[in-house]
Structures are given as structure tokens and as C-alpha cells.
Amino acid sequence: MEREFDPSKIEAKWQKKWEEAKIYEVDLKKAKDPYYALVMFPYPSGDKLHVGHWYNFAPADSFARFMRMKGKDVLEPMGFDAFGLPAENYAIKSGIHPDTSTRSNVQTMVKQLKRMGCMYDWSKVVNTSTPEYYRWTQWLFLQMYKHDIAYKKEASVNFCPKCQTVLANEQAQDGTCERCGTAIVQKSLAQWFWKITQYAQRLLDGHAHLDWPEKTKLMQENWIGRSEGINFREHVKDLNIEFEVYDSIPQTFLAQTFTVIAPEHPLVPQLVAGTSYEKPVMEFVERIRRKKLAEKFKIDEEAEGIFTGRFVENPFGTGDLPIWVCSYVLADYGTGIVNCSAHDERDFAFAKKYGIPLKVALLPKDPVLAEKVKKLEVFYREPDGVIQTPEVALGMTWEQSRKRIIDYIEQKGYGTTKVHYRLRDWLISRQRYWGAPIPIVYDPEGKPHPIPEKHLPWLLPEDVEFKPTGKSPLTYSKEFIRRTEKLFGKGWTPEFDTMDTFVCSSYYYLMYLAAEGFGMQAPHFSETADGRSERNHLVDPHVEHTWMPVSMYIGGPEHACMHLIYARFVMMALKDFGFVSHEEPFKKLVHQGLITHKGAKMSKSKGNVVSPDAFIERHGSDVFRMYLMFMGPFTDGGDWSDTGIKGIGRFVKRIHALFSEKLNKKVDQSSVIAALHRTVKKVTKDIEDLHFNTAIAALMEFLNLLEAEGGVSKETAKTFALLLGPLAPHLAEELWEMLGQKGFVIEQHWPSFDEALTRASTLMIAVQVNGKLRGEIAVDAGAGKETVIAQAKEHPNVKKFLEGQKIKKEIYVTGKLVSLVV
RNA sequence: GCCGGAGUGGCGGAAUUGGUAGACGCGCACGACUCAAAAUCGUGUGCCGCAAGGCGUUGAGGGUUCGAUUCCCUCCUCCGGCACCA
């Protein structure tokens with residue numbers, strides 16, 4: 001009867017049975033109670049699945065299994081974010097085509113993923129690098145183009161000298177390349193952008209309905225950077241030039257003494273044309289431009305500037321303002337021109353450096369400090385400072401005065417309120433090979449034309465050289481150019497850039513829904529019987545309506561301001577275009593924590609990477625994933641320990657031993673039944689909250705009790721096996737079979753519990769005297785306050801402390817403790 | 001600099017509408033089995049004590065309370081994010 005416990009054998013056995021029974025395949029059209037459980041799909045790298053993948057996928061799968069046992073129709077798909085730089089860099093090094101290496105990596109990863117034993121629906125795989133997939137990436141571009149969201153413009157853009165490509169703002173967050181860490185430089189290039197800025201407000205407003213970590217929403221808010229202020233319309237003295245100036249602290253508007261303009265601003269040459277200032281100013285502009293090209297622009301570097309010889313005619317009668325070109329002014333925020341006062345730290349420092357006069361509009365209450373501020377010896381701006389001008393806000397604090405002054409400015413017609421965002425349009429062009437070609441061709445005059453949908457997929461050419469020349473590799477494809485001329489005519493040229501891979505991942509959650517029945521081939525719709533094409537629909541509207549938004553999305557927090565913003569934007573756009581019915585893609589979002597080793601982030605260079613393979617070989621997938629979940633709270637991550645996993649190994653062996661040797665009870669004692677119901681209650685709640693660590697601890701505790709009892713009844717064992725179902729799926733099946741049960745564990749109902757049975761008949765009550773624990777008494781569950789307190793006073797040790805004392809206060813916390821104060 | 005989050009045994013961590021701090025596991029010590037080791041099992045594991053029991057304790061200091069890891073104030077440390085946005 002006793003069976004040898006060999007995890008690798010039983011895991012292979014159940015994986016085979018699951019696959020044969022197709023129990024994880026979901027009929028999207030028939031689902032009644034859909035639950036879409038999604039993890040951020042992996043990049044198919046040549047390295048194997050690492051611990052980070054496991055830490056994301058395995059607990060996510062446990063949660064999905066739990067939902068399935070709770071009766072939901074759960075879709076848990078898996079796919080590959082397969083375009084991108086690593087495959088291309090590998091091709092440069094090895095000569096192996098990215099398509100070849102990617103396909104082989106995908107194959108390897110599928111094999112590894114299957115060993116995890118997750119309930120992936122392998123009939124709906126997506127791979128973003130296949131023509132069947134990127135055909136829709138290109139379709140998405142065409143829709144964006146058609147609806148005027150995609151546009152091309154010459155702009156100063158972030159360029160990574162190492163990756164030899166431009167990057168989106170989001171991918172250059174701290175002035176370095178998101179991929180390789182190289183310092184970003186600025187380049188002026190004609191590139192394709194998507195107008196994500198048009199959605200800035202909706203991206204902010206949408207947060208209200210999302211069950212996301214507050215931290216993530218906050219990061220997106222900061223990134224979008226909404227700022228409300230005043231736009232002033234101003235005129236340049238002696239010239240027929242007008243411009244707008246954005247001011248987010250309009251409190252100072254009467255104390256402004258000079259104006260600064262960004263070096264890249266197109267008005268700069270006009271301001272100085274034909275004057276003696278032209279030469280030095282344009283030289284200054286060129287010097288700053290070169291500086292930005294050569295290196296990452298340093299924040300802490302001192303501001304530089306030069307006077308243009310021009311003045312703004314000040315409409316408030318407070319004197320004309322000299323216009324300076326200034327290195328710290330950003331060309332693409334606000335209007336690129338700013339009016340300055342003494343109450344902005346940088347303006348203050350700049351004016352001091354160049355001897356520009358300043359006026360004071362705000363004074364501190366402290367008279368000593370006020371004297372210093374008046375003499376412009378120190379910079380000052382505090383919320384409780386007192387406003388000196390304008391008259392209408394006199395005496396108000398900096399904070400209070402804001403609204404009053406804005407109202408005043410609008411009333412007087414000096415300016416209008418205006419909202420600005422820090423968010424910039426999404427630069428989606430990349431000068432790389434391994435991506436989806438942008439479906440645009442240029443006529444002989446250089447005017448762009450969208451490629452008609454019937455020519456999609458617009459295939460990525462094969463005959464290219466993988467060399468980082470700074471030019472798009474597609475430029476070197478003869479076939480690509482021939483193809484273009486053949487289709488569109490002589491002198492026509494294709495767009496040589498490919499799309500940012502974040503475009504591919506911005507809608508993949510919809511593609512799983514469209515991938516039904518096409519397996520690895522990926523999604524497309526066939527022509528209808530009467531020959532009309534249905535291909536203008538990315539995804540079946542009914543399926544989309546039923547399954548979106550994603551019920552639970554799990555992935556790393558590093559995507560807060562990239563993928564998670566792009567995906568929301570694309571979903572909103574698709575809704576506006578009429579292709580989907582929802583506007584938010586991810587209803588609930590959870591970030592798993594980071595797994596470290598020896599206190600540091602795992603990396604090859606540090607040599608502290610933990611390979612899951614050896615541990616899986618030895619302990620099996622169930623033990624490995626349970627250990628990851630047991631380490632600590634899912635959202636916290638943890639530090640990997642080679643020895644810690646042994647505890648879970650023992651736990652699993654002990655369970656197996658119990659089931660094979662100790663199913664010896666007809667009926668369990670009532671104390672065991674009570675513990676069982678408490679365990680069901682706790683495990684249910686813990687998995688709902690993604691507190692896998694404490695769920696496992698509760699099961700361990702229960703096992704300890706069963707062992708102490710010397711055995712277990714079959715009924716209790718059945719429940720125990722079901723509780724293990726989400727956490728250790730293979731083991732649970734094996735136990736289920738050992739109990740002689742039919743069907744798969746995943747098809748059973750999640751055990752329920754009886755609240756009344758979770759309560760024990762006798763309670764242990766702690767007794768405190770003056771807040772210190774002095775004893776413990778056993779009382780009847782139904783006993784009232786008087787009885788319990790009387791009993792507490794009889795406890796010998798408590799008695800000792802009450803001796804000769806007068807009791808001032810008696811407190812009874814029902815079912816927990818008695819506190820006596822003497 | 002600004003905005004978040006967190007500090008609990010040798011280690012990972014548990015417990016917060018204020019109610020027995022240290023569940024569960026690792027490690028360690030001793031014991032059993034063994035020629036021996038591994039594995040396994042048992043006992044112990046904040047400090048003092050053979051024990052009954054006592055004392056201490058959740059980064060530091062203070063406060064509220066019968067009672068504080070939990071609430072309030074001050075400070076320290078660590079982690080994450082943003083940072084020329086006028």
C-alpha cells in the first residue's frame with residue numbers, strides 16, 4: 001500500500017493527465033462567470049526561467065486555481081513579449097537570426113513553464129514577434145494614424161548611444177537608458193509619436209475606479225504631472241511678436257522682473273535677428289545644444305544664460321521685463337517661456353548670478369528674517385509667508401492667496417487658467433531591426449502614406465545586416481525597398497523604423513481573447529462566407545465585453561510608468577475608435593515583491609543568481625513554489641535561502657506519509673473538527689488576500705495537530721487535500737487519488753466551513769493584574785462576565801497578587817482576557 | 001530636496017476596529033536510530049530558575065491607556081519612486 005514519494009514522477013504524471021484532459025482550456029464564448037487571471041508575459045530570453053518568473057507566476061497560478069475552485073471560469077493564459085533588443089544584440093554577436101533564436105527560446109520556455117504545473121490555457125498562446133501577431137500591432141498603428149493620434153515630427157528626442165536608438169521619455173526616466181543604463185543624449189530627429197497627452201486627464205480620472213496599489217497610482221499621477229496655473233499673453237517690445245507664458249505660481253505676477261526662454265525655443269532666432277545680440281546669443285544656444293548632445297544634462301549644474309536685448313511689454317505696469325535665454329528652461333514644458341520672480345529658487349539664483357533686479361512679493365512673519373528677505377539676502381517661499389502684492393491678497397498667506405490672485409488675474413483679463421501636464425507624447429519609433437515595421441510608406445515627395453490593411457502583415461524583411469550603425473537596419477534590405485516599389489510605384493520608400501516593443505505589449509491582453517483555437521499560430525479572423533472581411537475587429541466584441549477588463553493582473557512595479565500607462569492609453573483609444581467596450585484594461589493590479597539573494601538583487605555580474613532547476617530536480621515544482629510563497633508576504637518579496645526550502649520539503653513528505661500510513665480514524669474528535677473548520681476559514685481568507693505564507697503556516701499547524709492525534713479520518717483528509725489544491729497542485733491530485741476520489745482536484749468545490757464549529761467549547765482566558773499576565777484559566781464558552789471574573793480571582797497565582805489589595809477596576813474582553821487593576 | 005513604505009529572536013516572518021508578542025518554518029543544542037554519516041523522529045531554543053514562578057522585550061526617546069508592535073509627538077536608520085516642471 002505504501003508508495004514511494006517521488007515528486008518528479010508524480011508531477012510528470014499529473015501534468016500529462018491535465019494536458020490529455022484539456023482541463024485548463026476555456027471556451028471563451030460559453031463562460032458564465034469569467035475570471036481573467038493575467039500575469040505580465042515574459043520576454044523569451046536565452047537564459048532559463050529565473051526565480052523572479054517563478055515568484056510572479058506560481059503564486060498568481062495558486063490564486064487562479066483558488067478562483068477556479070470557487071466556481072469561476074478562469075482564463076489563465078501565457079505568451080511571449082518576443083520582440084526586443086536582446087535577441088538582436090545576440091544576432092550581432094553570433095550571427096544567428098533573431099527569429100531563430102527567439103523561436104528556440106520560446107520552445108525552451110514553454111517546456112519549463114509546463115513543468116511549473118500552472119493552469120495555463122496553452123491553446124491561446126501569443127508571440128508578439130510572429131507575423132500573425134504583429135499584423136495587429138501594425139493595424140493598431142493604422143488606427144492611431146487614421147484617428148490622428150499617430151503623427152510624425154522633428155523633435156529633440158532621447159537617444160541611447162549604446163542601443164543606437166531613440167527612446168520614449170518613459171524609458172529614459174533618470175536620464176539613463178532603461179535597458180542598458182547608458183547616459184541618454186538629446187538628438188533632433190523626425191520620429192513617430194502617439195498623442196498620449198490627449199489622454200492625460202482621462203488617465204488620471206480613471207484611477208478612481210481601479211483596484212490598484214495606491215503607490216502605483218501615485219507614481220502615475222506624478223508621471224502625468226498635472227499642474228494648474230495661468231497662461232499670460234505677452235508682447236515683445238519693438239517687435240511684432242506675441243507669445244504665451246505659463247505660470248503655475250501666479251501669486252508673484254506683480255513682482256516678476258525678467259523673462260527666460262528655452263535655448264531650443266523657435267522664437268529665439270527671431271528675437272535676436274539682425275541685432276548685435278544675434279551672434280553671442282546664437283553661439284550660446286549652439287553651445288548648450290552641443291552640451292545636451294554630448295552628455296546627460298546635469299541637474300545640479302549651475303544655470304547659464306544670456307540677455308537677448310529684448311523686453312516683454314509688461315501689461316501690469318510694473319516695468320518691462322528683459323528676456324534672457326536660459327539653460328534651465330525646458331522647451332517642451334508649459335510654453336517654453338517663463339516669467340521670473342524672487343520667489344522661485346532657481347530664478348533667484350539666476351538673477352543673483354547675472355545681477356538682474358528682483359522684487360519681493362512675500363515676507364515671513366519673523367521680522368528678522370523679513371529684513372533679510374527684503375534685502376534679497378536669502379531666498380524665501382513658505383506656505384505661511386505673507387503676501388505683499390497685489391492689493392487684493394494683501395496680508396493673506398502664500399497658500400490662501402493663490403485662488404484669490406488667480407480669480408483677480410482672470411477678472412482683469414491679464415491671463416487665463418490653464419492646465420499643463422508633464423506627460424509627453426509617446427515616441428514609438430525605434431532604429432532597430434527586431435520589432436514590428438511601422439506600416440508607412442513615403443511617396444517620391446517624401447509624404448507619408450499608411451499601408452492599406454490588405455497588405456498586412458507588412459513583413460519584417462530577412463535580408464538585413466545586424467550592425468549597430470545608428471541607422472535602422474531595415475535601410476539595408478533590398479527586398480524591403482523592392483517590395484515597396486512593386487506595390488506603390490517607383491521612387492516610393494518604406495519607413496525603416498520599427499515600433500517600440502511597448503506597443504506590442506500595450507494590447508496583448510486582448511490578443512489572448514482573439515487567439516482561441518489558433519494555438520501557437522495566433523490570432524486572426526477568417527473571411528466570412530460572403531467574402532466580407534471581419535478583420536477590422538481585433539477581438540470578437542462579445543468575447544471582449546465578457547472577459548475584459550482583466551480581473552487580476554500581477555506583475556512587477558517597475559512597469560508603473562511604462563507598460564501600465566501605455567496599456568491604459570491604448571485601451572482608451574480603442575474604446576474611442578469603437579473596437580472595445582471598456583476603457584480600463586486592468587481592474588485589479590498587484591505587484592509581487594522582489595526576490596533577492598544574499599541581500600542583493602540577483603544579477604549575473606554579482607554572481608548571486610539562483611537557478612530554480614536544481615531545486616526543482618530535487619524537491620519538485622510544488623515544493624519550490626510553496627517555498628517561494630512561504631518566504632514572506634507575496635507583495636514584499638524576500639531573500640532566497642538554500643536551506644529554508646527544506647522545511648517545505650519536510651512538510652510535503654509528512655503529508656504524504658500521513659495519507660499513506662495514517663488514514664486510520666473513522667471519525668475525528670471534535671477538537672480536530674474545530675481545528676479543521678478554523679483552518680478552512682483561515683486558508684480561504686488568506687488566499688483571498690494573497691497571504692500565501694500564512695495559509696501554508698495554517699496548513700502546517702493543522703498537520704502538526706493530525707500527527708499528534710496519530711492519524712486522520714478520510715473525510716478530514718479529503719478537505720485537507722482540497723485546501724492544498726491551489727498551493728501544491730500535483731501533490732493535491734496525488735492525495736485525492738490516494739483517497740480513491742474521482743476527477744481532478746481543480747474540478748472540486750472549494751471546501752466551506754461552519755462558523756459555529758470553528759469555536760471551541762472551552763476557552764483559555766488570560767488573566768492580567770495591573771496589565772501583567774499572571775495566569776490562565778479555562779472557561780466554558782458560554783460563561784458570562786461575572787463567572788469568568790470570579791474564576792479568574794480564584795487562580796492561585798492571581799490570588800497571590802490580589803492579596804491585601806483593593807480591586808479598582810475589572811475588565812473582561814469576551815473570550816480573550818480578564819484584566820484586574822488594584 | 002519632495003513624495004511614499006518599512007524597522008519585531010541567530011534568520012525568514014506571525015499577530016494591528018489597542019487585549020496572552022514571537023504562530024509557522026529555518027538554524028542551533030541535546031537525545032533516539034546507525035559501526036558511522038545523511039535522512040528521519042523526539043525534546044529544548046528571549047533572560048534567570050531543577051521547578052513553581054519571576055523578569056525583560058517589537059529602531060531610540062516621550063505621551064495617552066487597566067493594557068501599546070498597533071494610536072499621538074520628537075528623533076534615527078533602511079528601502080522604493082520622482083527630481084531644473086518655473
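Please read all numbers here as calculations on a predicted model, not as lab measurements. Numbers restart at 1 for each chain; the letters A, B, ... are given by sequence-line order, proteins then strands.
Comparing B:C26, B:C66, B:G54 by their closest approach to the side chain of A:I811 singles out B:C66. Of the candidate nucleotides B:A14, B:C85, B:G80, B:A14 has the atom lying nearest to any side-chain atom of A:P633. Side chain of A:Q768, nearest nucleotide from B:G19, B:G27, B:G53: B:G19. In this structure, of B:A14, B:G19, B:C66, it is B:A14 that holds the atom nearest to the side chain of A:T694. The side chain of A:K646 sits closest to B:G27 out of B:C24, B:G27, B:U20. Nearest to the side chain of A:L218, among B:G4, B:C66, B:C85, sits B:G4.
Pair assignment for B:A36 gives none, since no Watson-Crick or G-U wobble pairing has each distance under 3.5 Å. Pairing partner, B:G31: B:C41, with both Watson-Crick or wobble hydrogen-bond distances short of 3.5 Å. Remark: B:G19 base-pairs with B:C66; criterion is Watson-Crick or G-U wobble with both hydrogen-bond distances under 3.5 Å. B:G4 is paired with B:C79 under the criterion used here, namely a Watson-Crick or G-U wobble arrangement in which both key atom distances are under 3.5 Å. Across every strand in view, B:C55 sits in a pair with B:G46 that passes the Watson-Crick or G-U test at under 3.5 angstrom.
Using a 4.0 Å cut-off, no side-chain N or O of A:R774 falls inside it from OP1 or OP2 of B:C66.
Both the sub-6.0 Å distance and the 45° axial angle are satisfied by A:R568 relative to the ring of A:W212.
Remark: the A:D642 side chain and the A:W640 side chain contain an N/O donor-acceptor pair separated by less than 3.5 Å.
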